[in-house]
*Asks:* 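Okay, here's the structure, questions in a sec.
Lettering follows sequence order; numbering is per chain, from 1.
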Number of protein chains: 2
Amino acid sequence: MEAIAKFNQFLRQKGLRRTKQRDELVEVFLRTEKHLSTQDLFDIVRKKDKDVGYATVARTLKLLAESGLCRVVDFGDGVQRFEHKYGHEHHDHLICLKCGRFVEIYSKKLEKLQDEIVKKHGYIQEYHKLHIFGLCPRCGKPGKRGK
Amino acid sequence: MEAIAKFNQFLRQKGLRRTKQRDELVEVFLRTEKHLSTQDLFDIVRKKDKDVGYATVARTLKLLAESGLCRVVDFGDGVQRFEHKYGHEHHDHLICLKCGRFVEIYSKKLEKLQDEIVKKHGYIQEYHKLHIFGLCPRCGKPGKRGK
DNA sequence: GGTATAATGATAAAGATAATCAATATCGTA
DNA sequence: TACGATATTGATTATCTTTATCATTATACC
Ligand SMILES: [Mn+2]
Ligand SMILES: [Mn+2]
Ligand SMILES: [Zn+2]
Ligand SMILES: [Zn+2]
């Protein structure tokens, strides 16, 4: 199913309503393949429509997460970011401490190993977050550094 | 070297001073093998000494992290916690979404696999954080749940 | 002891997310 | 199409944690 359809289905199933603001926000979010904070999305939408409030952006992002269209990414810098989830493979992140550049990583082997560890402890996994911090190729090279 | 000695060495090397408060806080922190928030440590110390301010607790925890005695643990609930690091092996966390119970996990194999992935992307790893969320054995069992 | 200056505690500021509330929009129903 | 219950909105405030400020006090080196 298409992402927008899935969101609207979610709204209906929850007894929530479609609104001009939600339509706009979902459309913009889906069009923007980035890790967006509430402020980020607010700024983008505001360029097109001055009548969208910050609170609505925050509320809509929460709904998007609930509906399974996005998930929260927390790099520990005090700001929640939201990234696409629906139709995207699970992945983790490798983040540069100097410039903030990051890459998405995935390893079936790694995931499997994690599953085994979880099982060994008798836990039932819901999700996990692996963040590896370090220096990107550019920042790690002595001589050239920073963004 | 003993942990307290290492901290005092750190202070001296930075041109910082030993104080009654720092001595107390470090002593209490090292005696408490838990994942403490600033508020947690403040509450504990306050029972013995009413003359320690919250700001000092926060500042001292930051120094403890800088000195390598502790590290920050962020489970994404908006509160920074601090856990022992010096003299402790690296480990990750497996956290119960229902009751908050968690266990510390470690796998040499997992660590090695992560290193390979980092290298493959040309990054230089500084540290990483793996948090696996799910249900603990108690909460996962249907019938019995919660704390 | 004297002195430069680091440290402290109380308080305010910052910065993000969540709650409040009167006004408005939505949507099933008639 | 109009009605009406109620979900939604935008502006604002509240909340919560971490960080900054600053006058006062304590430390360490001489
Ligand atoms: Mn991502
Ligand atoms: Mn731990
Ligand atoms: Zn970089
Ligand atoms: Zn549990």
*Asks:* Start at the 5' end of DNA chain C and walk down; is the nucleotide closest to A:Gln21 or to A:Arg81 reached first?
*Replies:*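 Looking at DNA chain C, the more 5' nearest nucleotide goes with A:Arg81.
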
*Asks:* With under 30° as parallel and over 60° as perpendicular, where do the rings of A:Phe10 and A:Phe7 fit, or are they tilted in between?
*Replies:*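 Aromatic pair A:Phe10/A:Phe7 classed parallel.
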
*Asks:* How close or far is atom C1' of C:dT8 from atom CD of B:Glu24, stated in whole angstroms?
*Replies:*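 From B:Glu24 CD to C:dT8 C1': 13 Å.
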
*Asks:* Write down the distance between CG (B:Leu36) and P (D:dT18), rounded to a whole number of angstrom.
*Replies:*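 Distance, rounded to whole Å: 13 Å.
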
*Asks:* Taking the six-membered ring for Trp and the full ring for Phe, Tyr or His, determine whether the centres of A:His90 and A:Tyr127 are under 6.0 Å apart.
*Replies:*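 Aromatic pair excluded; centres sit 6.0 Å or further apart.
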
*Asks:* Between D:dT27, C:dG9, C:dT26, which one does the side chain of B:Thr19 approach most closely?
*Replies:*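 Closest of the options to the side chain of B:Thr19: D:dT27.
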
*Asks:* Determine the contact category for B:Arg59: base if any of its heavy atoms lies under 4.0 Å from a base atom, sugar-phosphate if only primed atoms, P, OP1 or OP2 are that close, otherwise nothing.
*Replies:*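 Base, at least one base heavy atom under 4.0 Å.
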
*Asks:* For a quick check of understanding: with a heavy-atom distance under 4.0 Å over all strands, which category does B:Gln39 fall into, base, sugar-phosphate or nothing?
*Replies:*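 Answer is nothing: B:Gln39 stays at 4.0 Å or more from every strand.
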
*Asks:* Does B:Leu64 share a hydrophobic cluster with B:Leu16, counting links as ILVMFWY side-chain heavy atoms below 4.5 Å and allowing steps through other members?
*Replies:*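 B:Leu64 and B:Leu16: one cluster.
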
*Asks:* Could you tell me the separation between the CG atom of B:Leu61 and the P atom of C:dT8, rounded to a whole number of Å?
*Replies:*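 After rounding, the gap between these two atoms is 12 Å.
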
*Asks:* Check every strand shown and say whether A:Ala58 touches a base, only sugar-phosphate, or nothing at a heavy-atom separation below 4.0 Å.
*Replies:*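 Nothing: the residue A:Ala58, judged by heavy atoms under 4.0 Å, touches no strand.
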
*Asks:* Closest-nucleotide mapping onto DNA chain D: is B:Gln80 or A:Leu16 further toward the 5' terminus? I mean the 5' end.
*Replies:*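 Per heavy-atom nearest nucleotide, the more 5' residue is A:Leu16.
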
*Asks:* Are B:His91 and B:Tyr106 an aromatic pair, judged by ring center distance below 6.0 Å?
*Replies:*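 Judged by ring-centre distance (under 6.0 Å), B:Tyr106 and B:His91 do not meet the cut-off.
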
*Asks:* Hey, does the side-chain of A:Arg17 have a donor or acceptor N/O within less than 3.5 Å of a partner on the base of C:dG28?
*Replies:*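 Checked by distance alone, the answer is no.
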
*Asks:* How sharply is the helix from C:dG1-D:dC30 to C:dA30-D:dT1 bent, taking the axes over five pairs at either end and rounding to 10 degrees?
*Replies:*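 It works out to 30° between the end axes.
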
*Asks:* Starting from P on D:dA26, measure out to NZ on B:Lys20 and report it in whole angstrom.
*Replies:*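 For the pair B:Lys20 NZ and D:dA26 P, the rounded distance is 9 Å.
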
*Asks:* Counting side-chain heavy atoms from CB outward, which of D:dT8, C:dT11, C:dT8 is closest to B:Ala55?
*Replies:*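 Within the option list, the nearest is C:dT11.
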
*Asks:* Atom CZ of B:Phe10 and atom P of C:dA7: how far apart are they, to the nearest Å?
*Replies:*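 Value for this atom pair: 10 Å.
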
*Asks:* When we call it a touch if two heavy atoms are under 4.0 Å apart, what does A:Lys62 touch: a base, just sugar-phosphate, or nothing?
*Replies:*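 Sugar-phosphate, no base atom in range.
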
*Asks:* With a sphere of 6.0 Å drawn around NZ of A:Lys129, does it hold more than 12 non-hydrogen atoms of other residues, nucleotides or ligands?
*Replies:*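 Yes, because the 6.0 Å sphere around NZ of A:Lys129 holds more than 12 heavy atoms from other groups.
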
*Asks:* Given atom OH of B:Tyr54 and atom C1' of D:dC16, what is their separation to the nearest angstrom?
*Replies:*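 Computing the B:Tyr54:OH to D:dC16:C1' distance gives 10 Å.
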
*Asks:* Indicate, with yes or no, if the rings of B:Phe82 and B:Phe29 have centres closer together than 6.0 Å.
*Replies:*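 Ring centres of B:Phe29 and B:Phe82 not closer than 6.0 Å.
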
*Asks:* Rounding to an integer number of Å, can you tell me how far A:Arg12 CZ sits from D:dT8 P?
*Replies:*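 For the pair A:Arg12 CZ and D:dT8 P, the rounded distance is 13 Å.
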
*Asks:* Atom CZ of A:Arg22 to atom C1' of D:dG10: distance rounded to whole Å?
*Replies:*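 Distance, rounded to whole Å: 14 Å.
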
*Asks:* Please check if atom NZ in B:Lys20 has more than 12 non-hydrogen atoms from other residues, nucleotides or ligands closer than 6.0 Å.
*Replies:*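 More than 12 within 6.0 Å, yes.
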
